Protein chains: 2
Amino acid sequence: MTTEPKPPASPLTERQEARRRRILQASALLAGRGGFDAVQMREVAETSNVALGTLYRYFPSKVHLLVATMEDQLQHLHETLRKRPPSEPQPSARVAETLMRAFRALQREPHLADAMVRALTFADRSVNHEVDTVSRLTTAIILDAVGLDGPPAPAQLSAVRVVAHTWHSALITWLSGRAPTDQVERDIRTACLLIDVTTADPGPGRPA
Amino acid sequence: MTTEPKPPASPLTERQEARRRRILQASALLAGRGGFDAVQMREVAETSNVALGTLYRYFPSKVHLLVATMEDQLQHLHETLRKRPPSEPQPSARVAETLMRAFRALQREPHLADAMVRALTFADRSVNHEVDTVSRLTTAIILDAVGLDGPPAPAQLSAVRVVAHTWHSALITWLSGRAPTDQVERDIRTACLLIDVTTADPGPGRPA
DNA sequence: ATCAAGTCTGTAACTTGTTCTAGATTAGCG
DNA sequence: CGCTAATCTAGAACAAGTTACAGACTTGAT
């Protein structure tokens, strides 16, 4: 519980890097097939040609594995977005557009999305470090879309967090089929309004 | 998977009602001790003096059980709030105050909160019906706080959903210790701003 | 009171995440 | 090369959710 081997912080050898990559690949593959439940540790181990014990040395639990998978995917997304940033004039519209792109990407792999998001929200304290990383990545992506000049004000950070919260939670309701895609889109756009509110107006008051 | 016995829809006998109650009580008790992990089905069964098989007849999975527990607790909250509704003038302030009260209640039983919220977000499609019920309850509580005259407009419903999303997701980050209480409070208040925005303003989202 | 159907109990079995262990392999180093 | 520590493998073992089943108990209708 307290002191784990962890994915060795010391630089990985080539073979180790390759193993890690194979594991993440297998994880994404299986998740893509059947979501969270389809990612079975024994099968991940087999698919990536690694012993079960080794899998657990690299990722100390199924949730760790799936959160790491999410980190991996978000990294890709972040790079893609850097290359073709949204062009809308309003900050809120840029954020909304960014999230819509992400949403469309996820719609192509709903099972994978399911596995990653469920793992993320189910994670307990032992995964805090990894979840924080994902959280920072998400925040960075949104902040990029806002496109501020200086450092963000507290109210802006709060708005960004609300957008991220809405993003995760709305995604979950969509993934379990309790909300249609257009409701998810509407809710995300609604949350994005806060970006403008807090960007234009320092305090809570009647917006123009 | 498709057609199960389920908690008998036909009216329960007295003994059955009592069993159901004992089970929910045991669930809340154990959850209050150690959160999600501490709610072990064998132990719930023992504590409520019911055979394991019976427990599963009443609640077809651990998640079903915990979501039902949440429904139970929310019902209490709803009644309490009806008796002493928030008195602030601004709708957003009333919603914020309502959620702050709920937050304080949860802070008194963080483990129970953990179990319920984790179950809720981890629930898959097989629990949709129950999750929907909880979702409607949450929406109703927030709408009560808004205190509308007529039926809510789509934009208002969207705002309410964003508030609910933020509520759940922020709660999770707080429960796993990744956000301090005051950040949760700030974020909830931020989300509540949308209540005013959409109450004053017909709403953006989609053109008309 | 009696019978049939449905429910409950106790218990074992099965599934999948996780841990443990003994022996092979590998990496780094003299 | 030859040694030592770390890593990896295969497989057993364990834990908790879930399912299965045989027999006892209730219930409701006759």
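In what follows, chains are A, B, ... by sequence order, proteins preceding strands, each numbered from 1. This is a predicted model, so every value here is computed, not measured.
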Can you check the [X] [atom1] to [N] [atom2] distance for me, whole Å?
X: B:Glu46; N: D:dG17; atom1: CD; atom2: P; answer: 13 Å
X: B:Gln40; N: D:dG17; atom1: CD; atom2: P; answer: 5 Å
X: A:Met41; N: D:dA15; atom1: CE; atom2: C1'; answer: 16 Å
X: A:Phe59; N: C:dT19; atom1: CZ; atom2: C1'; answer: 19 Å
X: B:Lys62; N: D:dT19; atom1: NZ; atom2: P; answer: 15 Å
X: A:Arg57; N: C:dT21; atom1: CZ; atom2: P; answer: 15 Å
X: B:Phe122; N: D:dG17; atom1: CZ; atom2: P; answer: 12 Å
X: A:Glu17; N: C:dT26; atom1: CD; atom2: P; answer: 19 Å

So, are [X] and [Y] salt-bridged, with charged N and O less than 4.0 Å apart?
X: B:Glu79; Y: B:Lys83; result: no
X: B:Arg104; Y: B:Glu109; result: no
X: A:Arg42; Y: A:Glu46; result: no

Quiz item: Between A:Phe122 and B:Phe122, what is the ring plane arrangement, given parallel below 30°, perpendicular above 60°, and tilted in between?
Solution: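 Taking B:Phe122 first and then A:Phe122, their aromatic rings lie parallel (interplane angle under 30°).
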Give [X] one of three labels, base, sugar-phosphate or nothing, depending on what nucleic acid heavy atoms sit under 4.0 Å from its own.
X: A:Asp37; answer: nothing
X: A:Val39; answer: sugar-phosphate
X: A:Ser61; answer: sugar-phosphate

Quiz prompt | First of B:Gly53 and A:Arg19 reached from the 5' end of DNA chain D, by closest nucleotide | solution =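 Closest to the 5' end, via its nearest nucleotide, is A:Arg19.
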Practice problem: Nearest-nucleotide wise, let me know which of B:Leu52 and A:Leu55 is further upstream toward the 5' end of DNA chain D. | Solution: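 Its nearest nucleotide being more 5', the pick is A:Leu55.
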Check this one for me: any side-chain N or O of [X] less than 4.0 Å away from OP1 or OP2 of [N]?
X: B:Thr54; N: C:dT9; result: yes
X: A:Arg15; N: C:dA27; result: yes
X: A:Tyr58; N: D:dT7; result: no
X: B:Gln16; N: C:dC8; result: yes

Quiz prompt | Distance-only donor-acceptor test, A:Arg42 side-chain atoms vs C:dT15 base atoms, 3.5 Å | solution =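 No pair found.
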Quiz item: Do B:Ser27 and B:Thr69 have side-chain N/O donor and acceptor atoms under 3.5 Å apart?
Solution: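 Indeed, the side chains of B:Ser27 and B:Thr69 share at least one donor-acceptor pair under 3.5 Å.
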